[in-house]
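The first residue of the sequence shown is numbered 1, and numbering continues consecutively from there. Start at 1 and go down the list; that is how both ligands and their atoms are numbered. From a predicted model like this one, the values you see are computed outputs, not experimental measurements.
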Amino acid sequence: MSTLKNIVIVGGGTAGWMTAISLLHKWAGSGTKVSLIESPEIGTVGVGEGSTPALKTFFTDLGITESEWMPACNATYKVGISFSNWSTVTGHTDYFHPFFSEYDVGPGESFFTRCGHKRRGVSLTAHPDNHFIAPQLFKQNKGPAAIEPTQIDYGYHFDSSRLALFLKEKSLALGLNYIEAKVSNVTLAANGDIEGIQIDGIKDIKADFFVDCSGFYSLLIEKALNSKFISYENSLFNDSAVTIPTEVYADRAPSATISEALSSGWCWQIPLTNRIGYGYVYSSKYLSAEGAEKELRKHIGKSSEGKPAKHLKMRIGRREEHLKNNCVAIGLSQGFIEPLEATALMLVQYSIYKFIRYVETSDTDVDNYNTTINQMFEGVKDYIVTHYKLNDRVDSQYWIDCREKPAISNTLESIITAWDSEQDFDAALSKLSPSLMYKRASWYAIFAGMGRFPEGRKAATTFQLIPSHEKTLSFCQGITAEKFIDHKESILMLTQ
Ligand SMILES: Cc1cc2nc3c(=O)[nH]c(=O)nc-3n(C[C@H](O)[C@H](O)[C@H](O)COP(=O)(O)OP(=O)(O)OC[C@H]3O[C@@H](n4cnc5c(N)ncnc54)[C@H](O)[C@@H]3O)c2cc1C
């Protein structure tokens, strides 16, 4: 139960609303008053349309069904991410980062063994798309819904503005104290705690705890409490994005995010039920905003004509302290790692859960809170940096620099060294596991998917026999065709 009497959340973006509903749900009947202040005049970032499988747990915990929230947010299912043109290695210009299903266990093991052989110089095919169900679901326009109950991880695509509205209505029904106003000043007590915040220059709002969900403004955690910002700009070079929506496909509804490398960054393609969202994430050091919009429009083609573009700046990095005095930062105010693997709301969700535990156990170990959250950020960062570090493109200075110049952590250095050498890769991952946010299959998928195999290594002469990749591929294709439902149909079924 909460020991707090009065909590004020500043900010009504996705982070603010996810926090509000979680606290209200968890502490219903405990006497904790939860207020949320937002300024519609300032607005929200309003993009962020892909999730990881963690979001499924978020709704399940709240007791909200897919048929309730998905149609309200124009949501579709996501079984993974399809990467195109991040690598030029023959046979590896496209690969899929899958979410996992119970059917992947056998084919997955043979993929890991296959990768081990290829790393030791054996000439064979080792590509993740031949060993997992998810890429076949995507190719066959199927979703994660199956004819009979199946254990499968999946995430979602959704309209983030609608999601914020949906969560707002739910929070109001749970007794939220909602205040539409602009925070103009923050006052501190002698011990450094936030004493109160002024809204619209007049009214003083007091609370015993404050949640900073003010986005990149970081009103409380940075401007009032001076928590240091650790920039990731030396590791991740993208700092800007431009987005354009287009009409949906008439004939199909893809069940994956498509991420295609362009000249100075990458473009996402996210299918919702009412539109396809495109966004080009790029580095302003290599490309102007006008250049990015032009390249994105050319990439999309005719369907972008007459559609408005939205330009955004991104601040990439994290706080040193996410929890400081009587304030916790959740969402963009605490940090942001670029959207390549759509991890931001997962970090929001984990931060909320950790904060709830912090309050409920009266655990005064603030360092433990901050260390855990920082490890999560660093773990996600390592995986995102890997995409850039492994690229072998030579067509622009951007891609050359992304390969040659990013600062990489000791953890990532050890992972790359282990893969490139003949070390036992599984043993290396397991040794590093406390620092990792991504599991074994994701690491194999990215290295093998991008075709990172040594050339000219003397082939191992003895190795374990494994099923042919044609056999595992045909198994995955067969299971997909036989057991899973058409994606478009499964979305329609939500409204019936
Ligand atoms: C280009 C891009 C793509 C992204 N893609 C993904 C994705 O695919 N998946 C994913 O999980 N995440 C993604 N994200 C991140 C995601 O958008 C954010 O994590 C999410 O929207 C949460 O944002 P937020 O609520 O922290 O901030 P915001 O949406 O910026 O909300 C801030 C809130 O604070 C309020 N506020 C600010 N100042 C004041 C003030 N003075 N007084 C009162 N209120 C104030 C604003 O009114 C607003 O309500 C993406 C982000 C970007 C930039």
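Relative ring orientation between Tyr282 and Tyr280 is described as tilted, the plane-to-plane angle lying within the 30° to 60° band. Between Trp86 and Trp399, the ring planes lie perpendicular to each other; the angle is over 60°, past the 30° to 60° tilted range. The aromatic rings of Tyr398 and Tyr286 stand perpendicular to each other, their planes meeting at an angle above 60°, with 30° marking the opposite boundary. Ring geometry, Phe59 versus Phe166: the interplanar angle exceeds 60°, so the pair is classed perpendicular (tilted spans 30 to 60°).
With respect to Glu378 and Arg318, a salt bridge is recorded, a charged nitrogen being found less than 4.0 Å from a carboxylate O. Using a 4.0 Å cut-off between a side-chain N of Lys or Arg and a carboxylate O of Asp or Glu, Asp204 and Lys206 qualify as a salt bridge.
Under the 4.0 angstrom criterion for non-hydrogen atoms, Trp268 is in contact with ligand 1. Contact analysis puts Cys213 in contact with ligand 1, with a non-hydrogen atom separation below 4.0 angstrom. Within the structure, the closest approach of Gly279 to ligand 1 does not fall below 4.0 Å when heavy atoms are considered. In this structure, Ala181 has a heavy atom closer than 4.0 Å to ligand 1.
For Tyr217, no nitrogen or oxygen atom sits less than 3.5 Å from a nitrogen or oxygen atom of ligand 1, counting backbone and side chain alike. Where the criterion is an N or O separation shorter than 3.5 Å, residue side chain and backbone included, Leu332 meets it with respect to ligand 1. For a threshold of 3.5 Å applied to N or O pairs, the pair formed by Gly331 and ligand 1 contains no separation below that value. For the pair Phe336 and ligand 1, the shortest N or O to N or O distance does not fall below 3.5 Å. For ligand 1, the polar-atom distance check against Phe216 finds no nitrogen or oxygen pair separated by under 3.5 Å. The N/O atoms of Val47, backbone and side chain alike, include one that comes under 3.5 Å of an N/O atom in ligand 1. The N/O atoms of Leu312, backbone and side chain alike, include none that comes under 3.5 Å of an N/O atom in ligand 1. Between Val348 and ligand 1, a contact under 3.5 Å exists for no N or O pair. Backbone and side-chain nitrogen or oxygen atoms of Gly43 are examined, and one is located within less than 3.5 angstrom of a nitrogen or oxygen of ligand 1.
Using modelled atom types and a 3.5 Å distance limit, the side chains of Asn238 and Tyr388 yield a donor-acceptor pair.
If you check each of Gly16, Pro40, Ala344, Ser51 against atom 15 (C) of ligand 1, the one with the closest non-hydrogen atom is Ala344. Of the candidates Ala15, Ala329, Ser333, Gly11, Ala15 brings a heavy atom nearest to atom 22 (C) of ligand 1.
Atom NZ of Lys439 is surrounded by 12 or fewer heavy atoms from other residues, nucleotides or ligands within 6.0 Å.
When the side-chain contact (heavy atoms from CB on, under 4.5 Å) test is applied to Thr19, the partners found at least two apart in sequence or on another chain are Ile9, Leu23, Val211, Cys213, Ile330, Ile352. In this view, Glu233 satisfies the side-chain hydrogen bond (donor to acceptor under 3.5 Å, both in side chains) rule with no residue, not counting sequence neighbours.
Near Gly12, meaning under 4.0 Å from one of its heavy atoms, ligand 1 places the atoms 33 (C), 48 (C), 49 (O). Less than 4.0 angstrom separates some heavy atom of Gly50 from each of these atoms of ligand 1: 7 (C), 8 (O), 9 (N), 10 (C), 11 (O). Every atom of ligand 1 with a heavy atom of Glu49 under 4.0 Å away is listed here by number and element: 7 (C), 8 (O). Atoms of ligand 1 found under 4.0 Å from any heavy atom of Leu219, numbered from 1 in the order shown, are 38 (N), 39 (C), 40 (C), 41 (N). The distance from ligand 1 to the heavy atoms of Thr44 drops below 4.0 Å at these ligand atoms: 29 (O), 48 (C), 49 (O). Each of the following atoms of ligand 1 lies closer than 4.0 Å to a heavy atom of Ala241: 1 (C). Taking every heavy atom of Ser214 and a limit of under 4.0 angstrom, the matching atoms of ligand 1 come to 32 (C), 34 (O), 37 (C).
Checking side-chain atoms of Asp239 against main-chain N and O of Ser284 turns up a donor-acceptor pair under 3.5 Å. A donor-acceptor contact shorter than 3.5 Å links the side chain of Arg319 to the backbone of Ser333. Proximity of a side-chain donor or acceptor of Asn74 to a complementary backbone N or O of Phe158 within less than 3.5 Å is not detected.
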